[in-house]
Amino acid sequence: MIRRLLTVAALAALCCACGRAPSWVEAARTANERADAALLRGDAVSALSALDAFADAAVPNTVARPDRRRVLQDVFYRLSELETLVDARRAVAYADRGLTLGEHEDVFTANLWVAKGDALEQLGDDSGAARAFARALRINEILLDATGVSP
Amino acid sequence: MSRWLSCLALGVGAACAMTPRASQVGVDDHIEARNTAEELRRRAEALEAENAGTADACAQACPLARNVCDLSERLCTLAARHSDDGELERLCRDGRDRCGRARDKTRPCGCLKPE
C-alpha cells in the first residue's frame, strides 16, 4: 500500500501562507487530529465528518493557491481512502474533487490517483483502477528521478 | 625569506623552488606534511558531506521506489484477473519495467531487494 508521504502537520510547516492564514492551516490540522482520534476509537463516520466539514469550509482569500491546493488535496485523499470501504462511489467523487484542484507531478496528485484507483477497484472497474494506478506510478517515478539517486 | 627574495630578483623563482638548500629541507617537509594533512582533512569532510547527501537522497528515493514497485504489483494483480485484456497486460509489463529501473536506481541505497 502506498504511504502518505506528507501529513497536513508537515505541510503546515512548508506552507507559505502560514503567516497570512494561520487559522485555516490550524483548522486543517485540527480536522486531521479529530479524524485520527475518531479512527483510534474505530469511529470512521466521525473521522469522515471532521474532514468533510473542513473540505466544505470557505478558504480565506489570503491563502496562496498552491497552498490551498496541497492542503485540500491531502484532505480529499484522506476522505477518499476512508470512504472507499463505506461508499466507493463517494470515494471516487472525493478523489475527483481533489484532482479538479489541479494535477501536478507531486505526492498530492499521486496520492489522489491511488485513492481513485482503490475506489474504482472496489467498484469492480479494474480497467479504470489500473489507469489510475499507472498515473500514480509515473508520478512516483518522476519524483524518484528528481532525487538524483543513480546506480 | 631572503632566499626567495634573491631568487625573485634573479628571475629564477621556479628553479629556486626546486632546489632547496639542505637546511630548508626539514622545514619544507614539515610544511608539506601539514598541507597533506590539511588536504586529507578536507577530503574526509567532503566525503562525509557526500555520504550525508546520499543518505538524504536515499531517504527520499526509497519510499518512492517502493511505491513504484507496489503500484506495479497492483497493476499486475489486476491484469491477472483479466488475462484477455491487452491494455491491462501492457500496463502490467510497463509497470514491471519501471519497477526494475527503480530497483536499479536505488541499488546504492540498498532499500529494495534485488529480484
Side-chain angles (χ1 to χ4, degrees), chain A residues 1-7 10-11 13-14 73-74 77 80-81 84-85 88 91-92 95 104-151, chain B residues 46-115:
Chain A
M1 190 58 162
I2 201 160
R3 290 159 190 77
R4 274 182 94 205
L5 294 180
L6 280 177
T7 63
L11 228 170
L14 298 172
Q73 283 190 331
D74 196 57
Y77 161 71
S80 181
E81 288 282 90
T84 289
L85 295 174
V92 172
H104 289 71
E105 286 164 353
D106 64 12
V107 68
F108 306 102
T109 302
N111 280 343
L112 285 166
W113 281 116
V114 172
K116 184 166 180 174
D118 286 338
L120 289 172
E121 186 178 6
Q122 192 70 21
L123 288 170
D125 179 0
D126 286 353
S127 292
R131 282 193 291 273
F133 290 145
R135 300 281 291 263
L137 188 154
R138 277 175 211 131
I139 294 173
N140 275 279
E141 190 182 40
I142 289 165
L143 295 173
L144 173 61
D145 287 344
T147 64
V149 168
S150 59
Chain B
L47 196 63
E48 212 169 277
E50 194 181 311
N51 285 343
T54 304
D56 284 350
C58 286
Q60 289 183 344
C62 287
L64 294 165
R66 277 189 214 105
N67 287 346
V68 167
C69 291
D70 288 351
L71 288 164
S72 149
E73 275 310 301
R74 296 197 70 177
L75 285 170
C76 292
T77 302
L78 292 171
R81 283 188 208 151
H82 307 271
S83 53
D84 56 338
D85 189 323
E87 190 204 356
L88 288 178
E89 175 57 30
R90 186 187 59 75
L91 288 173
C92 163
R93 253 198 330 270
D94 183 63
R96 284 219 169 115
D97 289 346
R98 290 171 195 272
C99 171
R101 288 199 289 275
R103 269 181 210 285
D104 288 345
K105 272 181 196 147
T106 52
R107 201 181 311 126
C109 304
C111 51
L112 292 181
K113 287 181 193 158
E115 272 189 318

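Quick note on labels: first sequence line is chain A, next is B, and so on, each numbered from 1. What's counted below: heavy atoms across the whole structure, side chains too, no hydrogens, waters or symmetry copies.
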**Asked** Does any heavy atom of chain A fall under 4.5 Å from the side chain of B:Cys109, the backbone, both, or neither of them?
**Response** side chain
**Item:** Heavy-atom pair count under 4.5 Å with chain A, highest-scoring of B:Gln60, B:Glu73, B:Arg81
**Value:** B:Arg81
**Item:** 4.5 Å side-chain heavy-atom contact, A:Asp118 and B:Arg74
**Value:** yes
**Part of residues 96-103 of chain B lying next to chain A, heavy-atom separation under 4.5 Å** = B:Arg98, B:Arg101, B:Ala102
**Asked** Which bit of B:Thr77 comes within less than 4.5 Å of chain A, counting heavy atoms only: side chain, backbone, both or neither?
**Response** neither
**Message:** Strictly less than 4.5 Å between heavy atoms, which residues of residues 120-127 of chain A line up against chain B? Please order them by number.
**Reply:** A:Glu121, A:Asp126, A:Ser127
**Request:** Can you tell which part of A:Arg138 gets under 4.5 Å to a heavy atom of chain B, answering side chain, backbone, both or neither?
**Result:** side chain
**Prompt:** Residues in salt bridge (charged side-chain N to carboxylate O under 4.0 Å, His left out) with B:Arg93, at least two apart?
**Reply:** B:Glu89
**CG on B:Asn67 to CD1 on A:Ile139, rounded to 0.5 Å** = 11.5 Å
**Prompt:** To the nearest 0.5 Å, how far apart are CH2 in A:Trp113 and CG in B:Leu71?
**Reply:** 13.0 Å
**Prompt:** CZ of A:Arg131 to CG of B:Leu88: how many Å apart, nearest 0.5 Å?
**Reply:** 8.5 Å
**Prompt:** Closest approach of A:Leu137 and B:Gly95, non-hydrogen atoms and distance?
**Reply:** CD1-CA, 4.1 Å
**Asked** Around atom CD of B:Glu87, are there more than 12 heavy atoms of other residues, nucleotides or ligands at under 6.0 Å?
**Response** yes
Let me have the donor-acceptor pairs involving side chains of residues 144-151 of chain A, under 3.5 Å, with sequence neighbours excluded, atom names and distances please.
| unit_1 | atom_1 | unit_2 | atom_2 | d |
| --- | --- | --- | --- | --- |
| A:Asp145 | OD1 | B:Lys105 | NZ | 2.4 |
| A:Thr147 | OG1 | A:Leu144 | O | 2.6 |
| A:Thr147 | OG1 | A:Val149 | N | 3.4 |

